[in-house]
Amino acid sequence: MACTAVVLCAMGLLGSTATAAHADDPKNPAADARRAGASAAAADADARRLDGVRKKIEALYRKAEQATDAYNAAEEQVELQQKEIVRLARSIDSTQRKLAALKRQAGSLASAQYRGGGLPAEAKLMLDADPEGFLDNATLARKGEFAAKRVIRQLARLKGDLESYSDSATDRWEQLEANRKKKESAQRDIKKKIDEAKKLESRLAAKEKDRLKKLEDEQAFKRQQEWLDSGVLNDISNKASAAGKEAISYATAQLGKDYVWGAEGPDTFDCSGLTLRAWQAGGRTIPRTSQEQWRQLPRVALRDMRPGDLIIYFSDASHVGMYLGDGAMVHAPRPGRQVTITGAGSMPILGVVRPDGAAGGDGAHHTDE
């Protein structure tokens, strides 16, 4: 309330009639100067306070984005490991069935030999009407027996290896699941901080909220202008690929939709959820999180960037947007904001990745954070 009073005073909306009379009194210029100075000082103090609120809110949302990205990545790893365990279990089952079938065949062969009376080979040779035929059959039988035993040994080894892999995969899954739970706990802690950020914003008067948004825009504009002044666009003249055009079309069609943590559409998005769905529309499957997009996708130098490429922001790769050309990008900024188009240089750039191509250039980091 005190801060609001200061703002209202600075705007001349609070104060007694006597004060207003003095302000219009040409006979008291010193008092007018003092009051003007006090008003300016109050306005300056309020501007600093609001900028401090902006920085605090921005820091809280950055931490939340980092935690959410880490949790999403951990959850994705757990899901992939679960699929690997299922695949191994199916392989073990298939190998076991083949092994059982061969053993049954070997058993049938042994039974047939037993039923044959166990006659010595010499006697069978004498009894056989065609000695050459008997020798051929005996050779084939021996070869078949050796081959069956060899396959049984190989299958037994394969089954043992698969069971060992399965045990290792299960151990790995348990480690990943423990890590996911840890990230989930961290994410819950961060959500409390997000609630704190929302409370900070909710306590602001309507005009202050407008000024806060204006401060955010001014900061983004300042960074963008510095980026453009560096001459970076002089070297960027590439055109989007066909897949890139599809991805851009999808991303820009989402303008105005709300940002929501962990959302992948179709009604709400977080930053990497938007790029994931956009490139799916372009016919490419890419990792879920901005950190994994940075780690796994081919990197290109900034000068080789083309529309449709993904720009990874901040030194921890915690944010991502899609380049549109002419120094602009589309992204989902943060809670309380909507999918929007802004300057590609409005945040510290870590680097650029290309979902539909091989790496080019030096792929170097470009962050100025």
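None of the values given here were measured: they were computed from a predicted structure.
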L324 with L310, same ILVMFWY side-chain cluster at under 4.5 Å:
yes

Might you point out which heavy atoms bring A251 and V339 nearest each other, and give the distance in Å?
O-CG1, 4.3 Å

Could you give the side-chain donor-acceptor pairs of residues 279-287 under 3.5 Å, partners two or more places apart or in another chain?
from, atom 1, to, atom 2, distance (Å)
W279, NE1, G308, O, 3.0
Q280, OE1, R277, NH1, 2.6

Around D326, counting heavy atoms of other residues, nucleotides and ligands shown, do more than 12 lie under 6.0 Å from its CG?
no

ILVMFWY network linking L233 to M305, side-chain heavy atoms under 4.5 angstrom
yes

Ignoring hydrogens, what is the shortest heavy-atom contact between V353 and P355? Give both atom names and the distance.
O-CD, 3.7 Å

Taking a hydrophobic cluster as the set of Ile, Leu, Val, Met, Phe, Trp and Tyr residues connected by side-chain heavy atoms closer than 4.5 Å, whether directly or through intermediates, do V320 and I341 fall within one such cluster?
yes

Path from F269 to V260 over hydrophobic side-chain contacts below 4.5 Å
no

Quick one: do the D356 and S241 side chains pair a donor with an acceptor below 3.5 Å?
yes

Report the relative orientation of the aromatic rings in Y313 and H319; use parallel for angles under 30°, tilted for 30 to 60°, perpendicular for over 60°.
tilted

Output yes when D304 and R299 qualify as a salt bridge under the 4.0 Å nitrogen-oxygen rule, no when they do not.
no

Using the rule side-chain contact (heavy atoms from CB on, under 4.5 Å), only one of I248, T340, L255 pairs with V330; which is it?
L255

Test of understanding: with ring pair (Phe, Tyr, Trp, His ring centres under 6.0 Å), list the residues that count as partners of Y259, not counting sequence neighbours.
W261

May I ask you to test the D270-R288 pair for a side-chain heavy-atom distance under 4.5 Å?
yes

After noting the C-alpha distance and the side-chain angles of Q254 and K257, does the key distance pass the side-chain hydrogen bond (donor to acceptor under 3.5 Å, both in side chains) rule?
CA-CA 6 Å; Q254 313 313 311; K257 292 186 177 180; 2.8 Å; yes

Closest heavy-atom pair, H331 versus T342, reported as atoms and distance to 0.1 Å, is NE2-CG2, 3.5 Å

Checking E216 against R334 for the salt bridge (Lys or Arg N to Asp or Glu O under 4.0 Å) test, could you report, in this order, the C-alpha distance in whole Å, the side-chain angles of both residues, the deciding distance, and whether it holds?
CA-CA 12 Å; E216 290 178 353; R334 68 165 178 83; 2.8 Å; yes

Can you measure from NZ (K222) to CD (E226) and round to the nearest 0.5 angstrom?
5.5 Å

Are the side chains of M329 and M347 in contact, using a 4.5 Å heavy-atom criterion?
yes

